[in-house]
Amino acid sequence: MIDVLIIGSGGAGLTAALNIKKSCDSVVVLSKTYPTASQTSQAQGGINCVLDDEKDSVDSHIEDTLKSAHGLSDKKTIEFMCKNAKDTIKWLDDIGVPFSRDENNNIAQRKLGAAKSARACYSSDYTGLKILHTLYDNCIKENIEFLNEHILLNLIIEDETVKGVVCLDISTGEIKQILAKQVIIASGGYGGIYDGYTTNSTATTGEVIAIAMNAGCVLENMEYVQFHPTALKDSCVLISESARGEGGHLVTIDEKRFVDELAARDVVARAIYNKIKSNQDVFLDLRHLGLEKIMETMPQEYHLAYDFTGLKLDSDLIPINPAAHYTMGGIKTNTNGQTNIKNLYAIGESASNGVHGANRLGGNSLLEIITFGKSVAQFVVQNIQNIDSIESKNYKEYLKEISNIKKIYDLPNKINFYTIKKELGELFYNNVGLFREKEALEDGLKKVNNWKKDINQMGISDKSKIYNTNLKEFIEFKNTLLIASAIITSALKREESRGAHYRTDYVREDEKFNKNSIFRLGDQLL
C-alpha cells in the first residue's frame with residue numbers, strides 16, 4: 001500500500017508528485033505512456049502571469065478569465081489561480097525552466113488571444129515541453145517512482161471511498177491491484193475523441209474520466225470542447241497561438257484578413273471554419289515578421305510547418321484549419337481538487353474545477369496545472385495522517401477486471417473497432433464540433449448508442465499478452481464511447497450558444513442556462 005497514487009504523468013501529475021515528495025516518500029506515478037509523451041508538451045504559447053504590476057494587474061487577468069468563461073466559472077477558484085501566478089512562475093523558474101528573457105533579463109512575455117495585456121511567459125514556442133522536461137528531470141532527481149506503460153482499468157471504491165486502482169501492465173499483460181490511501185487523477189482530457197481532427201496525441205482518449213464516471217464520479221460541462229484556430233491543414237499539427245501573438249495574420253487566398261486574430265479562440269475558429277465551408281482556403285501569414293524574428297520566437301512552428309507541408313513561414317502562406325484542442329469539461333471538483341468520492345482527487349485537464357468555464361483563456365492551461373498541482377498536493381499531504389491503512393485483500397474490482405480482460409480476448413472481432421473509431425472522429429467533427437444543432441446531435445447520439453450495442457461484436461486480433469497495443473486501444477475505445485454519450489447528451493440539453501458551445505438552432509446565450517451542466521451515469525441532468 002502507498003500513501004498517494006497519481007494517475008497521469010503530465011504537468012499536473014508531475015507537479016503534484018514533486019510537491020508531495022517533499023513531505024511524503026510514498027508517492028507513485030502511474031502512466032499509460034511516458035512523461036515526455038504528455039499532452040502538456042502541446043501547450044506552446046505560454047503561461048499567464050502578471051509580472052509587472054505597473055503595466056498589468058491581477059484584477060485584469062481575473063476579468064479576462066471570467067469573460068472567457070461566459071458565466072460558467074467559480075470566481076474564487078479563478079482568483080486563487082491568478083493571485084498565485086507569481087508564486088507559480090517563481091517556482092518554475094527556481095526548478096530550472098528555461099524561460100525566454102527580455103533585454104533586461106526579465107522573463108519575456110507575449111500577448112495571447114482575448115487578453116488585455118502581454119502576460120504569457122514563454123520559452124520560445126516550446127513552453128509546455130520545457131516545463132514538462134524540467135518537471136520530469138526534477139522527479140528523477142527526487143527518485144519518484146514511475147509505473148510507465150500501465151493503463152487504468154478501474155478504481156477500487158468501498159463505502160464511497162477510494163482504496164486504490166486496478167491497472168494493466170502493457171509490457172507484460174499482467175493485471176495489477178494497487179492499494180493507495182489517496183488517488184489523484186491527472187490523466188488529461190478527451191480531445192482524442194475527434195480522431196483525425198485534433199491536435200491531441202493518440203493517447204488523449206479520456207478513458208480515465210469514463211472509468212471515474214463508472215465509479216460514481218460526477219462530470220461537469222462535458223459539451224465544452226475548445227477548437228484551436230490554427231492547425232496545419234490535413235495533418236492537424238498544432239501551430240501555436242504564439243504565431244498570432246507575435247503578429248501573424250489570418251488571410252484568404254487573396255491575402256485579405258477577415259477576423260481579429262487575437263479575439264477569443266471560439267470566435268476565430270468559427271470564422272475560419274465558415275470560410276472553409278464556403279470553399280475558401282485559409283492561411284496563416286507570417287512572412288512580414290522576417291526569418292530572424294520567426295526563428296527567435298517560434299522555431300518549433302517553423303520546423304513543424306516545413307516538415308509537414310514543405311512550406312516556410314518566412315516565405316509561404318501556410319494552409320490551416322481549426323482542430324479540437326482542449327476539453328474544458330471533466331471530473332467535477334472543488335478548489336482543493338476533491339471529487340464526490342472520498343480521497344479521490346482530480347487536477348489538470350481531467351478536472352472541471354471552475355477555472356475555464358465555457359471557453360479557456362489562452363495561457364491559462366499551463367497556469368492551472370502547475371498552480372493546482374501544487375496546492376492540491378499540499379492538501380493531500382495534510383490529509384494523509386487522517387486516513388487509516390487500507391485492508392489488504394483482493395477487491396471485487398480486481399476480480400472483475402480479470403474477468404473483463406478475458407472476455408475481451410474471447411470476443412469474435414466481427415466489427416473492426418479501428419474503423420468505428422475513425423467514423424466517430426469524423427462524426428464528432430461534423431456533428432459535435434464548432435457548430436451544433438439538435439438533429440445532428442441526435443443523429444450522433446443514435447450512432448454512438450448503436451456502436452455501444454455492437455461492442456461485443458468488436459474485439460482484438462492480437463491475442464498475445466506482451467505489449468498488446470491492440471488490447472490497450474480497445475480498452476481506450478470502449479471507454480471513449482461512454483465519453484461520447486456524455487458530451488452529446490450535455491450538448492443536447494444546453495439549448496443556447498455560450499463560449500465554445502455554439503448551437504445554430506439557439507444562437508444566443510440564455511440566462512436560464514447560466515449554470516454548469518452535470519452528467520452522472522444514469523442521471524443526466526442540466
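Every heavy atom of this structure was used, including side-chain atoms; hydrogens, water molecules and symmetry mates were not.
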### Query
What is the minimum heavy-atom distance between N200 and G192, and which atoms define it?
OD1-N, 3.9 Å
### Message
Check whether T161 reaches the backbone of D159 with its side chain - one donor and one acceptor, N or O, closer than 3.5 Å.
### Response
yes
### C217 side chain near L344 side chain, heavy-atom distance below 4.5 Å
yes
### Message
Please tell me whether T65 and S68 have a donor and an acceptor in their side chains that are separated by less than 3.5 angstrom.
### Response
no
### Query
Taking N138 for the side chain and I95 for the main chain, is one N or O donor matched with an acceptor at less than 3.5 Å?
yes
### Task
In plain terms, say whether E79 and K76 are close enough for a salt bridge, that is, a side-chain N and a carboxylate O under 4.0 Å apart.
no
### Message
Less than 4.0 angstrom from a charged side-chain N to a carboxylate O is my criterion; do K472 and E476 meet it?
### Response
yes
### Message
Closer than 3.5 angstrom, by distance alone: can the side chain of N221 be matched with the main-chain N or O of S517 as a donor-acceptor pair?
### Response
yes
### Query
What is the minimum heavy-atom distance between L152 and V166, and which atoms define it?
CD1-O, 3.7 Å
### Task
Report yes if the side chains of I475 and L153 come closer than 4.5 Å at any heavy-atom pair, otherwise no.
yes
### Task
Would you check if the side chain of T198 reaches a backbone N or O of D195 as a donor-acceptor pair within less than 3.5 Å?
no
### Query
Checking E223 side chain against K493 main chain: does a donor-acceptor pair fall under 3.5 Å?
no
### Query
Do we see a donor-acceptor contact under 3.5 Å between the side chains of S124 and S100?
no
### Query
With a cut-off of 6.0 Å (strictly less than), are more than 12 heavy atoms of other residues, nucleotides or ligands near NZ of K21?
yes
### Task
Say whether, by atom type as modelled, one donor and one acceptor occur between the side chain of H501 and the main chain of G499 under 3.5 angstrom.
no
### Summary
Heavy atoms of Q44 and E301 approach each other most closely as OE1-OE2, 2.9 Å
### Message
Under a plain distance cut-off of 3.5 Å, with no hydrogens placed, do D125 and T297 share a side-chain donor-acceptor pair?
### Response
no
### Query
Between Q226 (side chain) and R360 (backbone), is there a donor-acceptor pair under 3.5 Å?
yes
### Message
L135 and side chain to side chain contact (heavy atoms under 4.5 Å, CB included): which single residue from L14, V97, I140 fits?
### Response
L14
### Task
Please say whether more than 12 non-hydrogen atoms of neighbouring residues, nucleotides or ligands are located less than 6.0 Å from NZ in K478.
no
#### Entry: Non-hydrogen atoms of A324 and V225 that approach each other most closely
CB-CG1, 4.3 Å
### Query
Would K393 count as a cation-pi partner of Y395, with NZ or CZ less than 6.0 Å from the six-membered ring centre and within 45° of the ring normal?
yes
### Query
Taking C-beta and beyond as the side chain, do F372 and T15 meet within less than 4.5 Å on heavy atoms?
no
### Task
Taking the six-membered ring of F513 (Phe, Tyr or Trp), confirm whether the NZ or CZ of R494 is under 6.0 Å from its centre and within 45° of its axis.
no
### Message
Can a donor-acceptor pair be found, under 3.5 Å and without considering hydrogens, that links the side chain of Q109 to the backbone of R119?
### Response
yes
#### Entry: Stepwise salt bridge (Lys or Arg N to Asp or Glu O under 4.0 Å) test for D53 and K86
CA-CA 11 Å; D53 294 319; K86 276 188 180 179; 3.0 Å; yes
### Query
Is it true that atom CD of E158 has more than 12 heavy atoms of other residues, nucleotides or ligands lying nearer than 6.0 Å?
yes
### Query
What is the minimum heavy-atom distance between G173 and L168, and which atoms define it?
O-CD1, 3.5 Å
### Query
Should the pair R101-D93 be classified as a salt bridge under the 4.0 Å nitrogen-to-oxygen rule?
yes
### Message
More than 12 heavy atoms of other residues, nucleotides or ligands under 6.0 Å from NZ of K75: yes or no?
### Response
no
### Message
If I compare all heavy atoms of C167 with all of L30, which pair ends up nearest, and what's the gap?
### Response
SG-CD1, 3.8 Å
### Message
Could you check whether any side-chain heavy atom of R498 comes within less than 4.5 Å of a side-chain heavy atom of N359, counting everything from C-beta outward?
### Response
no
### Query
Between N334 and Q338, is any side-chain donor less than 3.5 angstrom from a side-chain acceptor?
yes
### Message
I'd like to know whether E142 forms a salt bridge (Lys or Arg N to Asp or Glu O under 4.0 Å) with K22, so could you lay out the CA-CA distance, the side-chain angles of the two residues, the decisive distance to 0.1 Å, and finally the verdict.
### Response
CA-CA 9 Å; E142 295 297 328; K22 292 177 184 177; over 6 Å; no
### Task
Take F227 and Y326, measure what ring-ring contact (aromatic ring centres under 6.0 Å, His included) needs, and give me the verdict at the end.
CA-CA 7 Å; F227 280 70; Y326 188 91; over 10 Å; no
#### Entry: Whether over 12 other heavy atoms sit under 6.0 Å from E160 CD
no
### Query
With the threshold set at 4.0 Å, does a side-chain nitrogen-carboxylate oxygen contact exist between R265 and E241?
yes
### Query
Any side-chain heavy atom of V183 within less than 4.5 Å of one from I6?
no
### Query
Going through the checks in order, is the side-chain hydrogen bond (donor to acceptor under 3.5 Å, both in side chains) test met by T199 and H325?
CA-CA 5 Å; T199 64; H325 179 62; 2.7 Å; yes
### Query
Within the distance-only criterion (no hydrogens, no angle test), does the side chain of N104 pair as donor or acceptor with the backbone N or O of N106 below 3.5 angstrom?
no
### Query
Below 6.0 angstrom between ring centroids: does that apply to Y136 and Y34?
no
### Task
Mark yes or no for whether T40, through its side chain, and G11, through its backbone, hold a donor-acceptor pair below 3.5 Å.
yes
### Task
Consider only side-chain N and O atoms of E149 and S171, and report whether a donor and an acceptor are under 3.5 Å apart.
no
